[in-house]
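Predicted, not measured: the structure shown is a model, and the values here were computed from it.
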Amino acid sequence: MTDILVEGGRALLGGEFAETSLRIAGRDIGAIGDDQGRSAFTIDARGLLVLPGIVDLHGDAFERQMMPRPGVDFPVDVALADSDRQAIANGITTVFHATTWSWEPGLRSGDNARKLLEAIESLRPRFAADTRFHLRHETYNLDAETEIGQWLSDGRVDLLAFNDHMDSTVASLAKPQKRNRMVERTGLSGNAFDELVQRVVARAHEVRASVSRLAGIARAAGTRMLSHDDESPDMRRAFRAQGVAIAEFPVNEPTAREAAAAGDFIVFGAPNVVRGGSHTGWTKASEMIEKGLCSVLASDYYYPAPLLAAFRLAADRVLPLAQAWHLISTAPAEAAGLADRGRLAAGQRADIILADDEVPLRPRIVAVIAGGRLVHLTEASRVVQPAAASRRAVAIA
C-alpha cells in the first residue's frame, strides 16, 4: 500500500471520459481532480486511458495451467500463480476461478475442487488479483451435496453455479471425438466411463430436490447464485424462484428475454464477442448486447477476452467504449455484490488499468493497480519520483 498519483490520463468517470488525475491512498481511490499535490510517486498517464479494473465472474482458463495436456498435471499452487499473472496482465483485478466439481474423477473431481479451494484460501494474500472461488456444481453430483452445503454455510464459496451437462454428456457418447476428450479428462477407461455415466443418470429423479436444498443454504449464507446454460424461459423462472438471479450463457433469445424482463443479470462469454460468435454454435453475444439481452461479459476460457471484447464492441459500434466497459467492470461487480469496485470514484477500491488504445482493436495494458498496489508495469519511464515530478512541473510552466 502506498500513495500514488495517476496523472493526466483520460479517465472513465460516470460513463464519460475526462482528462484528470487520481490519487490513491492506501487501498482506495482517495480523490479525483487535477489539483492533487505531492505524492510518494506519480504515474504519468498522459495519452492513456484510465479504466476501472475488470471483474471476471467466470474464468476457467486456469484449468489449462493445471492440466496443459490430458494426463499431464502441474501443482495447483504453480497453476494458480501463473493464472494470477495472466489475469493481471490482461487487466483482470478481481477474478472468480470457476471450479467445476462434477461426478467425474480427474480434472473436475472432488479432490481437485478441494485442492483449489484450499489453495485459493491460503495463497490469496500472495496473489495480485483479488482471487475468489466460484463453484460450478454439476447438479448430478449428488454425493457432494453435504460437503458443498457445509462450504456454503461456512462462507467459503463466493459464487455458486448450478450446471447440468448430463444431456450433452450422454449425447457425446455417440460422437467418438467428444467422447475421447471426456474420457481422457477423467483418466478412466472407455468402458468404465460409460458405466459411470449410466450409474449417474439412474439418479436423475433426485436432482431437483438436491438443487432446492443447496439453493436454500446459499440464500441463507448470502451467496450469489448462477444457473448455467438455461434452455428455456421456464427453466429461468424455476431457478429465479430459488433465488438464482444470474443467468449464465442462456442458450437462446427467448430465455435471455425472460431473464432481462425480470431484471436478472445475464452473462455471456467475452470470447464469443472477440471471435464473432459462439464456438458451440449457440447465441451470438454481440447480437444479444445490441438487443439489451446481456449485462455481463466473462473471460470464460480466455483471460485476454474481456479487454479485447470491450474494444471490439466499440469498434463495431455496438456500444460506446464507456458502456462496453460497464459489461466487464461495473455490472459484474454489482452481480457479485461487490459494491466497493467497478467504477472510478473516491472511496472505491483502487483497481485501475492504464491502457494504450493507439492500435485499433489491440489495446495494450501499460500498468495495473490492484487494491492500491502497482502490480504490473510495462513502461518504467512513466513512474516519476516526487523530485522529478516537481522539476517537470517547473519546466512545463
Side-chain angles (χ1 to χ4, degrees), residues 1-13 17 19-24 27 29 36 39-56 59 61-62 64-65 78-95 126-131 270-271 274 297 299 302-312 314-315 321-322 324-325 328-329 341-342 344 349-389 391-392:
M1 303 297 183
T2 188
D3 180 23
I4 304 173
L5 178 64
V6 178
E7 186 176 54
R10 292 170 286 146
L12 178 56
L13 304 172
F17 287 94
E19 188 169 314
T20 188
S21 297
L22 289 76
R23 177 178 293 281
I24 297 162
R27 196 196 73 160
I29 298 172
Q36 294 291 336
S39 63
F41 68 87
T42 297
I43 300 177
D44 180 3
R46 288 176 299 173
L48 302 179
L49 295 173
V50 181
L51 301 156
I54 296 169
V55 179
D56 186 21
F62 68 89
R64 285 197 297 276
Q65 313 313 315
V78 172
L80 290 180
D82 188 34
S83 297
D84 179 62
R85 289 188 288 269
Q86 288 188 37
I88 284 292
N90 286 288
I92 299 171
T93 52
T94 301
V95 57
R126 293 165 51 184
F127 294 143
D130 183 6
T131 303
V274 176
L297 288 174
S299 75
Y302 193 59
Y303 289 130
L307 174 71
L308 295 173
F311 282 85
R312 172 73 184 268
L321 181 60
W325 203 264
I328 63 173
S329 188
R341 68 198 71 190
L344 300 180
R349 179 182 164 96
D351 291 341
I352 302 169
I353 301 167
L354 277 62
D356 183 341
D357 64 339
E358 182 178 2
V359 179
L361 294 174
R362 293 296 181 266
R364 182 174 63 89
I365 299 291
V366 172
V368 178
I369 296 167
R373 297 180 298 153
L374 180 61
V375 294
H376 181 77
L377 182 67
T378 63
E379 296 181 13
S381 62
R382 288 186 176 272
V383 175
V384 183
Q385 299 301 321
R391 288 195 299 271
R392 188 183 67 194

- Member of Leu51, Leu297, Val55 meeting the side chain to side chain contact (heavy atoms under 4.5 Å, CB included) criterion with Ile328: Leu297

- Sub-3.5 Å donor-acceptor pair from the side chain of Ser83 to the main-chain atoms of Ala81, do we have one? no

- Message: Quick check for you: to the nearest 0.5 Å, what is the distance between Ile29 atom CD1 and Arg349 atom CZ?
- Response: 11.0 Å

- Spatial distance of atom OH (Tyr303) from atom CZ (Arg85) [nearest 0.5 Å]: 12.5 Å

- Task: Evaluate the side chain to side chain contact (heavy atoms under 4.5 Å, CB included) criterion for residues Leu344 and Ile352: first the C-alpha distance (whole Å), next the side-chain angles of each, then the deciding distance (0.1 Å), finally the verdict.
- Result: CA-CA 8 Å; Leu344 300 180; Ile352 302 169; 4.0 Å; yes

- Show your reasoning for whether side chain to side chain contact (heavy atoms under 4.5 Å, CB included) applies to Phe127 and Val375. CA-CA 10 Å; Phe127 294 143; Val375 294; over 6 Å; no

- Item | Validation row: Trp325, Leu307 side chains within 4.5 angstrom (heavy atoms) | yes

- Message: If you count every heavy atom of other residues, nucleotides or ligands that lies below 6.0 Å from Phe311 atom CZ, does the total exceed 12?
- Response: yes

- Message: Can you give me the closest heavy-atom contact between Ile4 and Gly372, atom names plus distance?
- Response: CD1-O, 3.8 Å

- Message: Counting C-beta onward and ignoring hydrogens, is there a side-chain heavy-atom pair between Asn90 and Pro304 closer than 4.5 Å?
- Response: yes

- Task: Indicate yes or no: at least one non-hydrogen side-chain atom of Ile353 is less than 4.5 angstrom from one of Val50.
- Result: no

- Message: Could you walk me through whether Gln65 and Val78 satisfy the side chain to side chain contact (heavy atoms under 4.5 Å, CB included) test, starting with their C-alpha distance in whole Å, then the side-chain angles of each, then the deciding distance to 0.1 Å, before giving a yes or no?
- Response: CA-CA 8 Å; Gln65 313 313 315; Val78 172; over 6 Å; no

- In terms of side-chain heavy atoms, does Asp56 have a donor or acceptor partner in Ser299 at a distance below 3.5 Å? yes

- Answer whether the closest heavy-atom distance between the side chains of Leu374 and Ile43 falls below 4.5 Å. yes

Using atom types as modelled, flag every donor-acceptor pair under 3.5 Å from a side chain in residues 358-370 to any protein atom, sequence neighbours excluded.
| from | atom 1 | to | atom 2 | distance (Å) |
| --- | --- | --- | --- | --- |
| Arg364 | NH1 | Glu379 | OE2 | 3.1 |
| Arg364 | NH2 | Asp356 | OD2 | 3.0 |
| Arg364 | NH2 | Glu379 | OE2 | 2.7 |

- Message: Using modelled atom types and a 3.5 Å cut-off, is there a donor and acceptor pairing between side-chain atoms of Ser329 and backbone atoms of Gly53?
- Response: yes

- Approximate separation, where rounding is to 0.5 Å, of Leu13 CG and Glu19 CD: 11.5 Å

- Do you know the tightest heavy-atom contact between Leu12 and Ala322? CD1-CB, 3.5 Å

- Message: Taking the basic N atoms (NZ, or NE/NH1/NH2) and the acidic carboxylate oxygens, is any pair closer than 4.0 Å for Arg341 and Asp130?
- Response: yes

- Message: Working to the nearest 0.5 angstrom, can you tell me the gap between Leu354 CG and Arg10 CZ?
- Response: 10.5 Å

- Item | Residues Phe17, Leu49; criterion side chain to side chain contact (heavy atoms under 4.5 Å, CB included); working and verdict | CA-CA 8 Å; Phe17 287 94; Leu49 295 173; 3.8 Å; yes

- Query: Out of Ile88, Asp84, Asp82, which residue meets the side chain to side chain contact (heavy atoms under 4.5 Å, CB included) rule with Gln86?
  - Reply: Asp82

- Query: Got a donor-acceptor contact below 3.5 angstrom from the Arg312 side chain to the Val274 backbone?
  - Reply: yes

- Query: Side chains of Leu48 and Arg382: closer than 4.5 Å at any heavy-atom pair?
  - Reply: yes

